[in-house]
Q: 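I am attaching a structure below and will ask some questions about it afterwards.
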Amino acid sequence: MDMEFSDSSDESVSGIMRKRRRNRILSSSSSDTATDRNTTEEEVWESDVEEQDDDAEWRKIAEKSASEEEYSEEEELLIKETDCDDPVALYKLFFTDEILEIIVEETNRYAVQCIVNAAYGSRQHQQAWNPVTKSELNIFFGILLIMGVVQVPEIRLYWSKKAMYANARIKKAMKRDRFLAIWKYLHFSDNATARTEDRLHKLRNVVDKIIRTLKGAVKPGKNIVLGGPESNVVSAHADV
């Protein structure tokens, strides 16, 4: 009885040992296959890199041509009669009558379109629009310049009755509701004819004219100031 139990135990142990050896063989085979696959992928990658290196050609860096020499011109205001100490005169160098007329026309056009569309839609009745003029637009942009310097949490606070927020110059120049109406309808191009593939199509008419005006008004010098004292970038070195 004891012998039979011993033989049975030996057979069980032998079976377990055979299973373990088979598992080790399978595991070793899988590892070798993965290694071969990785080696093959590495060889392919190295081969591609070598082919790219063979295709690359070294080129000698050419010296600067005459047109690429360092820009050494001095800055110059091309419109001689301009008073550089007068902020309004400098403002008018860039916002010419032609540019203002475009903004006036497009703003009035857009306001009428919005009011007409609202009349046929389900939205509430909008306040009647009084066409904006060039004079009003100059005042509007002047207020924006002041807001860029003197900042408060909300635009409406510039007309506040509280002294800590109110701005007397802005309140005297234009009423709050009129400013907000111009702000709402301010436009620079006709939506019906704008080329929407241009990412600046809403500003293109004005931007192109401002750039052209700038080229005719100022010749940049070697060093160009990009920002004021509080700007991270103060000046840039100009090379052509």
Side-chain angles (χ1 to χ4, degrees), residues 71-111 129-189 200 202-238:
Y71 183 79
S72 59
E73 295 289 335
E74 294 296 328
E75 66 276 4
E76 181 183 358
L77 190 62
L78 301 178
I79 303 178
K80 303 298 183 182
E81 63 273 15
T82 302
D83 183 1
C84 295
D85 294 327
D86 183 1
V88 176
L90 295 175
Y91 162 82
K92 289 183 176 180
L93 283 179
F94 309 106
F95 282 87
T96 62
D97 286 342
E98 180 186 9
I99 292 172
L100 289 173
E101 287 170 1
I102 292 174
I103 301 175
V104 165
E105 180 181 359
E106 297 303 337
T107 298
N108 288 329
R109 187 203 310 274
Y110 182 67
W129 169 254
N130 292 323
V132 68
T133 63
K134 286 194 298 182
S135 176
E136 273 190 310
L137 209 55
N138 278 322
I139 295 172
F140 176 84
F141 287 135
I143 292 174
L144 289 181
L145 291 174
I146 294 175
M147 289 179 173
V149 177
V150 183
Q151 300 182 10
V152 297
E154 296 180 11
I155 287 179
R156 294 176 182 272
L157 291 177
Y158 288 103
W159 288 267
S160 174
K161 295 181 180 180
K162 296 181 179 179
M164 68 178 297
Y165 295 123
N167 188 293
R169 186 180 294 270
I170 290 177
K171 292 175 71 173
K172 183 179 178 180
M174 183 177 287
K175 292 183 178 181
R176 183 196 64 187
D177 290 346
R178 181 58 174 171
F179 176 87
L180 293 176
I182 296 174
W183 177 277
K184 178 179 181 179
Y185 295 120
L186 186 67
H187 231 62
F188 304 92
S189 64
L200 285 178
K202 289 186 176 293
L203 299 170
R204 179 61 63 192
N205 289 341
V206 173
V207 168
D208 287 346
K209 285 181 171 55
I210 289 177
I211 291 174
R212 188 164 60 249
T213 301
L214 177 61
K215 289 180 178 179
V218 179
K219 183 177 76 173
K222 181 177 180 179
N223 296 314
I224 304 173
V225 176
L226 301 179
E230 297 179 357
S231 174
N232 291 328
V233 180
V234 177
S235 64
H237 186 74

Q: For a quick test of reading the model, state the closest non-hydrogen atom pair linking Leu186 to Phe140 and the distance between them.
A: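 Taking Leu186 first and Phe140 second, the nearest heavy atoms are CD2-CE2, 3.9 Å.
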
Q: Just verifying a value: how many Å separate Ser189 OG and Arg109 CZ, rounded to the nearest 0.5 Å?
A: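 So the OG of Ser189 and the CZ of Arg109 are separated by 9.5 Å.
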
Q: Flag the pair Ile155 / Trp183 as yes when at least one side-chain heavy-atom distance between them is below 4.5 Å, and no otherwise.
A: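 Yes, side chains in contact.
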
Q: Out of curiosity, Lys171 NZ to Ser160 OG, how far, rounded to the nearest 0.5 Å?
A: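 Spacing of NZ (Lys171) from OG (Ser160) equals 7.0 Å.
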
Q: Distance to the ring centre below 6.0 angstrom and angle to the axis at most 45 degrees; does that hold for Arg178 and Trp129?
A: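 Judged by the rule (NZ or CZ under 6.0 Å from the ring centre, within 45° of its axis), Arg178 counts as positioned above Trp129.
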
Q: Roughly how far, to the nearest 0.5 Å, is the NZ atom of Lys209 from the CD atom of Glu101?
A: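 Going from CD on Glu101 over to NZ on Lys209, the span is 11.0 Å.
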
Q: Could you give all pairs that pass the ring pair (Phe, Tyr, Trp, His ring centres under 6.0 Å) test and reach residues 154-173, with sequence neighbours left out?
A: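 Non-adjacent pairs meeting ring pair (Phe, Tyr, Trp, His ring centres under 6.0 Å): Trp159-Phe179.
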
Q: So do the side chains of Leu180 and Arg156 get within less than 4.5 Å of each other, counting heavy atoms only?
A: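 In short, these two side chains touch, coming nearer than 4.5 Å.
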
Q: Atom NZ in Lys219, atom CG in Leu214: separation rounded to 0.5 Å?
A: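 One gets 14.0 Å once the value is rounded to the nearest 0.5 Å.
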
Q: Check each of Asn108, Val104, Ile102 against Glu106 using the side chain to side chain contact (heavy atoms under 4.5 Å, CB included) test, and report the only one that passes.
A: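 Between Glu106 and the candidates, side chain to side chain contact (heavy atoms under 4.5 Å, CB included) is satisfied uniquely by Ile102.
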
Q: In Å, rounded to the nearest 0.5 Å, how long is the span from CD1 of Ile170 to CG of Leu157?
A: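 Separation between the atoms: 11.0 Å.
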
Q: Within the 4.5 Å heavy-atom criterion, are Leu137 and Ile103 side-chain neighbours or not?
A: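 SC-SC contact between Leu137 and Ile103 confirmed.
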
Q: Distance from His187 atom NE2 to Ile182 atom CD1, nearest 0.5 Å?
A: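 Going from the NE2 atom of His187 to the CD1 atom of Ile182 covers 15.5 Å.
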
Q: Within the supplied structure, the quantity of interest is the number of heavy atoms (other residues, nucleotides, ligands) at a distance under 6.0 Å from Lys215 NZ; does it exceed 12?
A: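 Atom NZ in Lys215 is not packed in, count stays at 12 or less.
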
Q: Using side-chain heavy atoms (C-beta onward) and a distance below 4.5 Å, is Val152 in contact with Met164?
A: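 Counting from C-beta outward, Val152 and Met164 never come under 4.5 Å.
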
Q: What residue pairs, at least two apart or across chains, pass side-chain hydrogen bond (donor to acceptor under 3.5 Å, both in side chains) with a residue in residues 85-100?
A: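 Output for this query lists Tyr91-Asn138.
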
Q: Salt bridge between Asp208 and Arg212, side-chain N to carboxylate O under 4.0 Å?
A: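 So Asp208 does not pair with Arg212 through a salt bridge.
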
Q: For atom CZ of Phe188, is the number of surrounding heavy atoms from other residues, nucleotides or ligands below 6.0 Å larger than 12?
A: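 Atom CZ in Phe188 is crowded, with more than 12 foreign heavy atoms closer than 6.0 Å.
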
